[in-house]
Amino acid sequence: MQTELSDKQLSRYARHVILDEVGEAGQLKLLAARILVVGAGGLGSPVLLYLAAAGIGNIGIIDFDLVDESNLQRQIIHSTDNIGIAKVNSAAERIEELNPEINVIQHRDRLSINNAAAIISQYDMVVDGSDNFAARYLINDICYFLKKTLVSAALIRFEGQISTYKAYQSGPCYRCLFPQAPAKNLISRCDTVGIFGSIAGILGTMQATEILKELLNIGTSLSGQLILYDALDVNMRKIKIVKNPDCALCGENPSIKTIDDAGK
């Protein structure tokens, strides 16, 4: 493990190092960290850019999609020249341009019960930038069983929400807040109701910030708290969320008891 910053690293990360809350020791923690970002889309784009800029030494990206022209309104890690290529490749190329010393691990795949545990187990923390309930429940469940901190966000139209889940440390999990997904006919998607592009930037940047705080153990964790953001009313609310004793995953009598049950 690296024990001191090189002169080049001291120059690149100087504005971090002069912060008392970070310093050289903190920057070394960031360089040693392994973070998985699920989705290289609207949320994943700012997350990946800011984690790479901050010096997260090892960043995993899992995404199966190709860059589409309709993505470019909000998925700022991709460019017009990247249309038609895999998002993981496009994102990795941009990270290389931004910070060549970052080790990017590409997972060109869809996260599923068949691969989630094997992939997530390789990382210290997980950022959920997925766009569907099935993926969110699966990521939440696997992170619980593997004792991984999860920072999750969601977007629609002019609104977003974000929280940190550390149910393995007695905090609430995603299922405590959302015990079950809404009926399919009640679920709104960005491709049908729209998304104001910069909302992804706001929430994704917040996700990156919370990951950095968790790695450095600074500030107040969002575990047990949910932030709701409404751009039209310029309103941001923080509400307390508590562990649900009847939670199917982390409650007193869980029905989801093993990794094999995850995501159900």
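Note that these values count all heavy atoms, side chains included, but never hydrogens, waters or copies made by symmetry.
Of all non-hydrogen atoms in L48 and A40, the two that sit nearest each other are CD1-CB, 4.2 Å. Closest non-hydrogen pair, C143 versus L150, comes out as SG-CB, 4.1 Å. Taking each heavy atom of L36 and H107 in turn, the nearest pair found is CD1-CD2, 4.1 Å. Taking both residues in full, the closest heavy atoms of R74 and A200 are given as CB-CB, 4.4 Å, listed atom of the first, atom of the second, then distance. Closest heavy-atom contact between Y165 and L177: OH-CD2, 3.6 Å. Nearest heavy atoms, D124 versus A32: OD2-O, 4.5 Å.
The closest side-chain donor-acceptor pair between Q9 and E101 falls under 3.5 angstrom.
A donor-acceptor contact shorter than 3.5 Å is absent between the side chain of R94 and the backbone of I77. Under the 3.5 Å distance criterion, the side-chain polar atoms of Q106 are left unmatched by any main-chain donor or acceptor of A92. The closest donor-acceptor contact from the side chain of S11 to the backbone of K8 lies at 3.5 Å or more, if one exists at all. At least one donor-acceptor pair under 3.5 Å links the side chain of D141 to the backbone N or O of G263. Counting only distance, with no hydrogens or angles, the side chain of E159 and the backbone of L155 share no donor-acceptor pair below 3.5 Å. Panel note: side chain S90, backbone A86; no donor-acceptor pair is recorded below 3.5 Å. For the pair D261 (side chain) and K257 (backbone), a donor-acceptor distance under 3.5 Å is present. Between the side chain of S223 and the backbone N or O of G171, no donor-acceptor pair lies under 3.5 Å. Under a 3.5 Å cut-off, the side chain of E24 and the backbone N or O of L5 do form a donor-acceptor pair. Between the side chain of K213 and the backbone N or O of T220, at least one donor-acceptor pair lies under 3.5 Å.
Here L72 sits in one hydrophobic cluster together with V67, I83; the rule is ILVMFWY side chains under 4.5 Å apart, joined directly or through other members.
The local environment of CG in N235 is crowded, with over 12 non-hydrogen atoms from other residues, nucleotides or ligands closer than 6.0 Å. Within 6.0 Å of the CZ atom in F145, the count of heavy atoms belonging to other residues, nucleotides or ligands exceeds 12. Around the CD atom of E97, the shell of radius 6.0 Å holds more than 12 heavy atoms that belong to other residues, nucleotides or ligands. The environment of CZ in F196 is sparse: at most 12 heavy-atom neighbours from other residues, nucleotides or ligands sit within 6.0 Å. Within 6.0 Å of the CD atom in Q180, the count of heavy atoms belonging to other residues, nucleotides or ligands does not exceed 12.
No side-chain heavy atom of Y123 sits less than 4.5 Å from a side-chain heavy atom of I35. Side-chain contact between L249 and P254 is absent, with no heavy atoms from C-beta onward closer than 4.5 Å. At least one side-chain heavy atom of H16 sits less than 4.5 Å from a side-chain heavy atom of L30. Under the 4.5 Å side-chain criterion, counting only non-hydrogen atoms from C-beta, V17 is not in contact with V22. In this structure, the side chains of Y144 and I256 stay at 4.5 Å or more apart for every pair of heavy atoms. At least one side-chain heavy atom of Y13 sits less than 4.5 Å from a side-chain heavy atom of L31. Side-chain contact between C247 and C173 is present, with heavy atoms from C-beta onward closer than 4.5 Å. You'll find the side chain of K148 stays beyond 4.5 Å of the side chain of I142, heavy atoms only.
To the nearest 0.5 Å, atoms CD (E96) and CG (N103) are separated by 10.5 Å. Note that CD of Q75 and CG of D63 are 8.0 Å apart. Values are rounded to the nearest 0.5 Å. With rounding to the nearest 0.5 Å, the separation of OG in S45 from NZ in K87 is 7.5 Å. Atom CE of M206 is separated from atom CG of L43 by 11.5 Å, given to the nearest 0.5 angstrom. Rounded to the nearest 0.5 Å, atoms CZ (F64) and OG (S112) are 11.5 Å apart. The CD atom of E4 sits 14.0 Å away from atom CD of Q27, with the distance rounded to the nearest 0.5 Å.
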* To do: Start with the C-alpha gap between I227 and S163, add the side-chain angles, then the distance that decides, and say whether side-chain contact (heavy atoms from CB on, under 4.5 Å) holds.
  => CA-CA 7 Å; I227 289 180; S163 187; over 6 Å; no

* Check against side chain to side chain donor-acceptor pair (under 3.5 Å), D68 and S70 -> CA-CA 5 Å; D68 183 82; S70 65; 2.6 Å; yes

* **Verdict with reasoning, V38 to V127, per side-chain contact (heavy atoms from CB on, under 4.5 Å)** => CA-CA 6 Å; V38 181; V127 181; over 6 Å; no

* K238/L222 under side-chain contact (heavy atoms from CB on, under 4.5 Å): CA gap, chis, key distance, verdict -> CA-CA 9 Å; K238 184 164 65 173; L222 271 183; 4.2 Å; yes

* Verify side-chain contact (heavy atoms from CB on, under 4.5 Å) between C250 and R175, making sure each step is shown before the conclusion. => CA-CA 8 Å; C250 66; R175 287 183 184 273; over 6 Å; no

* Let me see the working for S130 and D128 under side chain to side chain donor-acceptor pair (under 3.5 Å), right down to the final yes or no. => CA-CA 6 Å; S130 63; D128 181 6; 2.6 Å; yes

* Between D230 and R237, is a salt bridge (Lys or Arg N to Asp or Glu O under 4.0 Å) present by the stated rule, with each step listed? -> CA-CA 9 Å; D230 183 338; R237 293 186 295 144; over 6 Å; no

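Residues meeting the side-chain hydrogen bond (donor to acceptor under 3.5 Å, both in side chains) test with T149, sequence neighbours left out: Y168. In this structure K166 satisfies the side-chain hydrogen bond (donor to acceptor under 3.5 Å, both in side chains) test together with E214, sequence neighbours excluded.
Connection of L232 to M236 is established within a shared hydrophobic cluster, with ILVMFWY side chains joined at heavy-atom distances below 4.5 Å, either directly or through further cluster members. Following chains of ILVMFWY side-chain contacts shorter than 4.5 Å, one cannot reach V88 starting from L66, and the two form parts of different hydrophobic clusters. Residues L28 and M125 do not share a hydrophobic cluster, defined by chaining ILVMFWY side chains whose heavy atoms lie under 4.5 Å apart. Taken together through direct or relayed side-chain contacts under 4.5 Å among Ile, Leu, Val, Met, Phe, Trp and Tyr, I62 and I85 form parts of separate hydrophobic clusters. Y50 and I199 fall into different hydrophobic clusters, where Ile, Leu, Val, Met, Phe, Trp and Tyr residues are linked whenever their side-chain heavy atoms come under 4.5 Å apart, directly or through other members.
A cation-pi arrangement, defined by a distance under 6.0 Å to the six-membered ring centre and an angle within 45 degrees of its axis, is absent between R136 and Y174.
Using bins of under 30°, 30° to 60° and over 60° for the plane-to-plane angle, the ring pair F178/F133 lands in the perpendicular bin.
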